[in-house]
Visitor: 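Sharing a structure here in structure tokens format.
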There are 2 protein chains.
Amino acid sequence: MENDVTRQTRKLSQLYAFTSIQMHEAIARKAGLSGTDHKYLGFLIEKGQMTAGELSTLTGLTTGAVTGLIDRFEKKKLVKRKFAEDDRRKVIIEPDTKKIMTLFVPLYKEFRKKSEKLIASFSTRERKIIETYFSKAIEIMNDTTSKLNKK
Amino acid sequence: MENDVTRQTRKLSQLYAFTSIQMHEAIARKAGLSGTDHKYLGFLIEKGQMTAGELSTLTGLTTGAVTGLIDRFEKKKLVKRKFAEDDRRKVIIEPDTKKIMTLFVPLYKEFRKKSEKLIASFSTRERKIIETYFSKAIEIMNDTTSKLNKK
DNA sequence: GGTAAATATCTTAGTTACTAAGATAATATA
DNA sequence: TATATTATCTTAGTAACTAAGATATTTACC
């Protein structure tokens, strides 16, 4: 059975995830994108560039939906399409990192500064504890997700 | 300037939020709901019951969208509509907690067990550190969100 | 080398959930 | 009582999705 202390931590971690979504959606809206588009643009920034097919696999969207996604980004000049040299069927999506940064950095700036300050307020040992919790919780969630998607 | 250690913690907390969304969407899909519907159903469970208008304010959806939302829940027999005694214009949405639990508990069961075990693996002092991080991070995010929505 | 199969992306038709604006019904106010 | 306000619903139009099929390129086989 779950005791009160465990429950409190669990509830707080739930609220953390939820609050994070709300913030990301607010940032996206402010940048003229939907929450999902913001999320997927993050993938591109993270990876640098990828093909339309890779983005489809990564996002779980159909290839048709990915075509639309890239169209929206391209119209805003946030990415460029180019054919792969080695296989001209493939479409490489190249994010304009500079342009994207210019769009988002002002919106994230204050948040990032405060976050860094918060993290810095913990000792190395304390940060280690927080990181351990995050790592293990992520593992559990990924496990749950992949089991659900399989069955 | 951000150092590597800070960066690592920040990245991990980002990944945590992202992974959490993925899991919630997987659970929702499995229950035959969309990710957003799952989220909003959570509001209802949390609060017990509320009027359509309150749900509209809480979710930020238009009243028309809320009508559709309730229709979808009602069709699945997850909630019931009834008029408020004191003001018959108001529609009270009453969640069938039992039915909703029956739907979601099996999907969450293993995750919850593992989460509780993880939380229990930390000492009271360690849990306190994790909770402090969460609380303060939530505050920062809420601050950012409300500022963005205001401007 | 030429033909068939496979692959990567795009297009089209149909669906779902949203918004904006206005309709309906109940309540509050003058 | 008549009018204004409020709470929800309805309607018309839009955006982003899926499924299925079209198009273009590459790979495999004889």
Side-chain angles (χ1 to χ4, degrees), chain A residues 21-22 24-26 28-44 47 49-76 78-95 149, chain B residues 21-22 24-26 28-44 47 49-76 78-95 149:
Chain A
I21 300 170
Q22 299 300 106
H24 276 82
E25 276 176 6
R29 208 174 6 257
K30 211 70 194 174
L33 266 65
S34 76
T36 29
D37 282 11
H38 181 200
K39 186 167 82 181
Y40 299 148
L41 196 57
F43 288 1
L44 279 164
K47 188 117 193 285
Q49 63 170 46
M50 61 178 83
T51 66
E54 283 170 337
L55 190 56
S56 165
T57 309
L58 202 62
T59 57
L61 295 175
T62 58
T63 58
V66 168
T67 300
L69 183 68
I70 304 169
D71 285 349
R72 291 194 296 278
F73 288 154
E74 207 174 38
K75 201 182 292 179
K76 293 198 163 69
L78 298 175
V79 308
K80 268 196 184 123
R81 269 183 172 97
K82 40 175 216 185
F83 291 109
E85 297 259 313
D86 62 319
D87 184 344
R88 298 187 52 75
R89 289 168 306 178
K90 287 184 184 169
V91 166
I92 294 179
I93 316 158
E94 200 179 47
N149 287 340
Chain B
I21 300 170
Q22 299 299 106
H24 276 83
E25 275 175 7
R29 210 175 4 259
K30 212 71 195 173
L33 265 65
S34 76
T36 29
D37 281 11
H38 182 200
K39 187 168 80 177
Y40 298 149
L41 196 57
F43 288 1
L44 278 165
K47 187 115 193 284
Q49 63 170 46
M50 60 178 84
T51 65
E54 284 170 337
L55 190 57
S56 165
T57 309
L58 204 61
T59 57
L61 296 174
T62 58
T63 58
V66 167
T67 300
L69 184 69
I70 304 169
D71 285 349
R72 291 196 295 279
F73 288 155
E74 206 175 37
K75 202 184 291 179
K76 292 198 163 70
L78 298 175
V79 307
K80 268 197 183 123
R81 270 184 171 99
K82 42 173 216 185
F83 290 109
E85 298 259 313
D86 61 319
D87 183 345
R88 299 189 52 75
R89 290 168 306 179
K90 287 185 184 167
V91 166
I92 293 179
I93 317 157
E94 200 179 47
N149 288 339

Visitor: Just call it for A/G64: base, sugar-phosphate, or nothing, with non-hydrogen atoms closer than 4.0 Å on any strand.
Guide: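 Base contact - A/G64 has a heavy atom under 4.0 Å of at least one base atom.
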Visitor: Figure out the CZ/P separation between B/R81 and D/dA7, and round it to whole Å.
Guide: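 After rounding, the gap between these two atoms is 17 Å.
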Visitor: Going by the side-chain hydrogen bond (donor to acceptor under 3.5 Å, both in side chains) test, which pairs reach into residues 57-71 of chain B, not counting sequence neighbours?
Guide: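 Every pair satisfying side-chain hydrogen bond (donor to acceptor under 3.5 Å, both in side chains) with a residue in residues 57-71 of chain B: B/D71-B/R81.
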Visitor: Using a 4.0 Å heavy-atom cut-off across all strands, classify B/S56 as base, sugar-phosphate, or nothing.
Guide: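 Nothing: the residue B/S56, judged by heavy atoms under 4.0 Å, touches no strand.
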Visitor: Assuming nearest nucleotide by heavy-atom distance, tell me which of B/T63 and A/A52 is located more 5' along DNA chain C.
Guide: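 The answer here is A/A52.
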Visitor: Please report, rounded to the nearest Å, how far the C1' atom of C/dC10 is from the CG atom of A/L55.
Guide: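 In whole Å, C/dC10 C1' lies 15 Å from A/L55 CG.
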Visitor: CD/B/Q49 to NZ/B/K80 distance, rounded to the nearest 0.5 angstrom?
Guide: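 The CD atom of B/Q49 sits 13.0 Å away from the NZ atom of B/K80.
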Visitor: Nearest heavy-atom pair of B/P95 and B/V79: which atoms, and what distance?
Guide: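 Distance-wise, the nearest heavy atoms are CA-CG1, 4.0 Å.
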Visitor: Under the side chain to side chain contact (heavy atoms under 4.5 Å, CB included) criterion, do A/M50 and A/L58 qualify, and how do the steps go?
Guide: CA-CA 10 Å; A/M50 61 178 83; A/L58 202 62; 3.9 Å; yes
Visitor: To the nearest 0.5 angstrom, please state how far the CD atom of A/E25 sits from the CG atom of B/N149.
Guide: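 CG of B/N149 is found 10.0 Å from CD of A/E25.
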Visitor: Just the rounded figure in Å: distance from C1' of C/dA17 to NZ of B/K75.
Guide: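 The answer, rounded to whole Å, is 12 Å.
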Visitor: Taking atom C1' of C/dT11 as reference, at what distance in whole Å does atom CD1 of A/I70 sit?
Guide: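 Atom CD1 in A/I70 sits about 14 Å away from atom C1' in C/dT11.
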Visitor: Which sits closer to the 5' end of DNA chain D, A/L61 or B/V91, going by the nucleotide each is nearest to?
Guide: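 Final value for this comparison: B/V91.
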Visitor: Between P on C/dC18 and CG on B/D71, what's the gap in Å once rounded to a whole number?
Guide: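 Nearest whole value for this atom pair: 11 Å.
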Visitor: Whole-Å distance between C/dT15 P and B/R72 CZ?
Guide: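 Rounded to whole Å, this separation is 17 Å.
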Visitor: What protein N or O atoms touch nucleotides 27-30 of chain C N or O atoms at under 3.5 angstrom, if any, and at what distances?
Guide:
from	atom 1	to	atom 2	distance (Å)
C/dT27	OP1	B/R88	N	2.9

Visitor: Considering the options A/D37, A/L78, A/L33, which one meets the side-chain contact (heavy atoms from CB on, under 4.5 Å) requirement together with A/R72?
Guide: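 By the side-chain contact (heavy atoms from CB on, under 4.5 Å) criterion, A/R72 pairs with just one of A/D37, A/L78, A/L33: A/D37.
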Visitor: Taking atom P of D/dA7 as reference, at what distance in whole Å does atom CD1 of B/I92 sit?
Guide: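 Nearest whole value for this atom pair: 13 Å.
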Visitor: How close or far is atom C1' of D/dT8 from atom CG of B/L69, stated in whole angstroms?
Guide: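 Rounded to whole Å, this separation is 14 Å.
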Visitor: Between atom CG of B/L55 and atom CG of B/L44, what is the distance when rounded to the nearest 0.5 Å?
Guide: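 So the gap between those two atoms works out to 5.5 Å.
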Visitor: Measure from the side chain of B/A65, starting at C-beta and using heavy atoms only, and say which of C/dT19, D/dT18, C/dA17 lies closest.
Guide: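 Selected nucleotide (nearest to the side chain): C/dT19.
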Visitor: Nearest 0.5 Å please: distance from the OH atom of B/Y40 over to the CD1 atom of B/I93.
Guide: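 These two atoms lie 13.0 Å from each other.
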Visitor: Quick one: are B/K39 and B/H24 in side-chain contact, heavy atoms under 4.5 Å?
Guide: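 Not touching, per the 4.5 Å side-chain cut-off.
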Visitor: Looking at DNA chain D, which of residues 34-42 of chain A put a heavy atom within less than 4.0 Å of it?
Guide: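 Going residue by residue through residues 34-42 of chain A, none turns out to have a heavy atom under 4.0 Å of DNA chain D.
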